[in-house]
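Accompanying notes for the structure given below.
One is the number of the first residue; the rest follow in order along the sequence.
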Amino acid sequence: MPEDERAPGGGLRDRIGLGVVVALAIAVVVALVTTNLARSASPATAIQAALGGQQLRIMAPANPGGGWDQTARAMQSSLADVIGRSEVYNVGGAGGTPGLAQFVQHRGDASQLMATGAIMIGAVITNESPYSLQDVTMLARLSTEYLVLVVPADSEIESLDQFAQLMRDDVGAQSISGGSAGGVEQILAGLFAQAAGADPAEVSYVAHSGGGEALTTLLSGRSTAGISGISEIAPYIADGSVRALAVSSPERVENLPDVATFHEQGLDVELQNWRGVAAPPGISEEDEEALVTMLTEMHDTEAWGDIVQTRGWGDEFLTGPEFDEFVAAQEETIGTVLDDIGLGGDR
């Protein structure tokens with residue numbers, strides 16, 4: 001018998017066995033270290049993997065200056081410390097439905113995001129869009145905002161009561177300018193008419209693709225009144241260009257402490273807009289999770305907090321199944337309201 005096989009404790013078999021044990025131990029240690037490193041780096045790594053080496057692009061499905069444009073650019077600014085550079089681009093018109101139709105074509109591309117929200121839900125219904133929020137991957141609710149009913153500073157209308165009486169006398173003669181058809185501004189116009197005792201289906205509503213265009217119509221005298229989000233109209237209230245008649249919140253808001261609510265003035269009207277962000281359809285579960293992580297990190301930045309406070313937005317960040325349930329409930333609620341005020345179409 002060869003000596004290597006006879007030598008106690010030093011034979012070939014023992015050395016082979018010991019080598020296997022050592023190799024297995026090293027493999028286990030390497031695996032543990034690799035796993036721990038992967039866990040510690042996983043959020044950033046997963047975000048970069050989701051972007052696939054591409055620069056993030058954020059669609060604002062409206063013209064520059066409005067709420068979606070403000071939201072997209074606030075995201076761009078706040079994401080700088082999370083992912084670096086990103087790009088914002090605008091696709092205007094029809095309450096975001098043209099942008100939505102373009103966005104769904106980016107199927108599976110997690111480097112594309114789109115600002116969206118309540119206005120798009122209403123626009124999908126009134127414009128009979130072939131696409132809805134069911135056709136994209138909803139990621140997060142970012143903010144909420146109340147609306148303000150205003151008239152030009154030189155208007156003869158001094159109060160909400162006076163305007164309500166004019167609506168009762170001849171609702172069609174009192175034009176109201178605002179955002180896209182079927183959006184929250186038109187819904188508020190209908191709710192105001194209904195509460196004032198006028199026919200909401202007869203409201204003369206002048207729709208626009210962006211807040212800037214709506215304000216131009218109002219200040220030029222081509223509409224009796226206007227409706228806009230707080231962040232868009234507050235500067236014009238402050239400089240005296242327009243007079244605020246009522247805010248659609250349940251209580252007065254911090255940014256406009258001198259503006260009374262509809263409730264305070266005897267009208268049962270309350271409406272809140274919300275804005276969120278979506279990814280294209282067909283992205284993987286891993287990419288969806290990475291994008292939600294990215295948005296959560298963005299929400300936690302000081303930059304985002306400052307923007308929310310400055311613009312008077314409500315900070316009501318929401319993700320996951322709760323957000324999906326919220327969107328489904330909003331689609332049902334907004335559809336019902338549009339039906340009630342005669343804007344539901346042939347749903």
Closest non-hydrogen atom pair, [X] against [Y]:
{"X": "Ala195", "Y": "Leu267", "answer": "O-CD2, 3.6 Å"}
{"X": "Gly335", "Y": "Ile125", "answer": "CA-CD1, 3.6 Å"}
{"X": "Gln70", "Y": "Gly65", "answer": "NE2-O, 3.5 Å"}
{"X": "Ser78", "Y": "Ile307", "answer": "OG-CD1, 3.8 Å"}
{"X": "Gly190", "Y": "Pro200", "answer": "O-CB, 3.4 Å"}
{"X": "Ile58", "Y": "Ala72", "answer": "CG2-CB, 3.8 Å"}

remark   = The side-chain hydrogen bond (donor to acceptor under 3.5 Å, both in side chains) partner of Glu145 among Gln272, Arg275, Arg311 is Arg275
task = Could you walk me through whether Ser129 and Thr97 pass the side-chain hydrogen bond (donor to acceptor under 3.5 Å, both in side chains) test, one step at a time?
result = CA-CA 7 Å; Ser129 168; Thr97 52; 5.4 Å; no
Do any N or O atoms from the side chain of [X] and from the backbone of [Y] form a donor-acceptor pair under 3.5 angstrom?
{"X": "Ser231", "Y": "Gly312", "result": "no"}
{"X": "Gln76", "Y": "Ser86", "result": "yes"}
{"X": "Ser204", "Y": "Ser175", "result": "no"}
{"X": "Ser248", "Y": "Glu270", "result": "no"}
{"X": "Gln162", "Y": "Glu156", "result": "yes"}
{"X": "Tyr205", "Y": "Gly179", "result": "yes"}
{"X": "Asp109", "Y": "Ser111", "result": "yes"}

Does atom [atom1] of [X] have more than 12 heavy-atom neighbours, drawn from other residues, nucleotides or ligands, at distances under 6.0 Å?
{"X": "Gln265", "atom1": "CD", "result": "yes"}
{"X": "Gln330", "atom1": "CD", "result": "yes"}
{"X": "Tyr236", "atom1": "OH", "result": "no"}

ask   = Taking NZ, NE, NH1 and NH2 as the nitrogens, is one of them in Glu264 or Arg252 under 4.0 Å from a carboxylate oxygen of the other?
value = yes
Please tell me if the side chains of [X] and [Y] come closer than 4.5 Å, counting only heavy atoms from C-beta onward.
{"X": "Arg243", "Y": "Val150", "value": "no"}
{"X": "Thr301", "Y": "Asp81", "value": "no"}
{"X": "Met294", "Y": "Leu56", "value": "yes"}
{"X": "Pro281", "Y": "Asp135", "value": "no"}
{"X": "Phe103", "Y": "Val136", "value": "yes"}
{"X": "Thr71", "Y": "Trp313", "value": "yes"}
{"X": "Met298", "Y": "Leu142", "value": "yes"}

key: Lys NZ or Arg CZ of Arg57 over Tyr89 ring: under 6.0 Å, within 45°   = yes
side-chain contact (heavy atoms from CB on, under 4.5 Å) partner of Ile176, chosen from Glu185, Gln186, Met167 = Met167
ask   = Is it true that Val269 and Val184 fall in one hydrophobic cluster, defined by side-chain heavy atoms closer than 4.5 Å?
value = yes
task = Give me the ring orientation class for Phe326 and Phe323: parallel if the planes are under 30° apart, tilted from 30 to 60°, perpendicular past 60°.
result = parallel
request  = Just say parallel, tilted or perpendicular for the rings of Phe262 and Phe192, cut-offs at 30° and 60°.
outcome  = tilted
request  = Tell me, please, which residues at least two apart from Val292 pass side-chain contact (heavy atoms from CB on, under 4.5 Å).
outcome  = Leu139, Thr296, Thr319
task = Test side-chain hydrogen bond (donor to acceptor under 3.5 Å, both in side chains) on Asp161 and Ser159 and set out the steps.
result = CA-CA 5 Å; Asp161 284 343; Ser159 68; 5.3 Å; no
task = Could you check Asn63 against His208 for side-chain hydrogen bond (donor to acceptor under 3.5 Å, both in side chains), going step by step and ending with a plain yes or no?
result = CA-CA 10 Å; Asn63 292 337; His208 298 80; over 6 Å; no
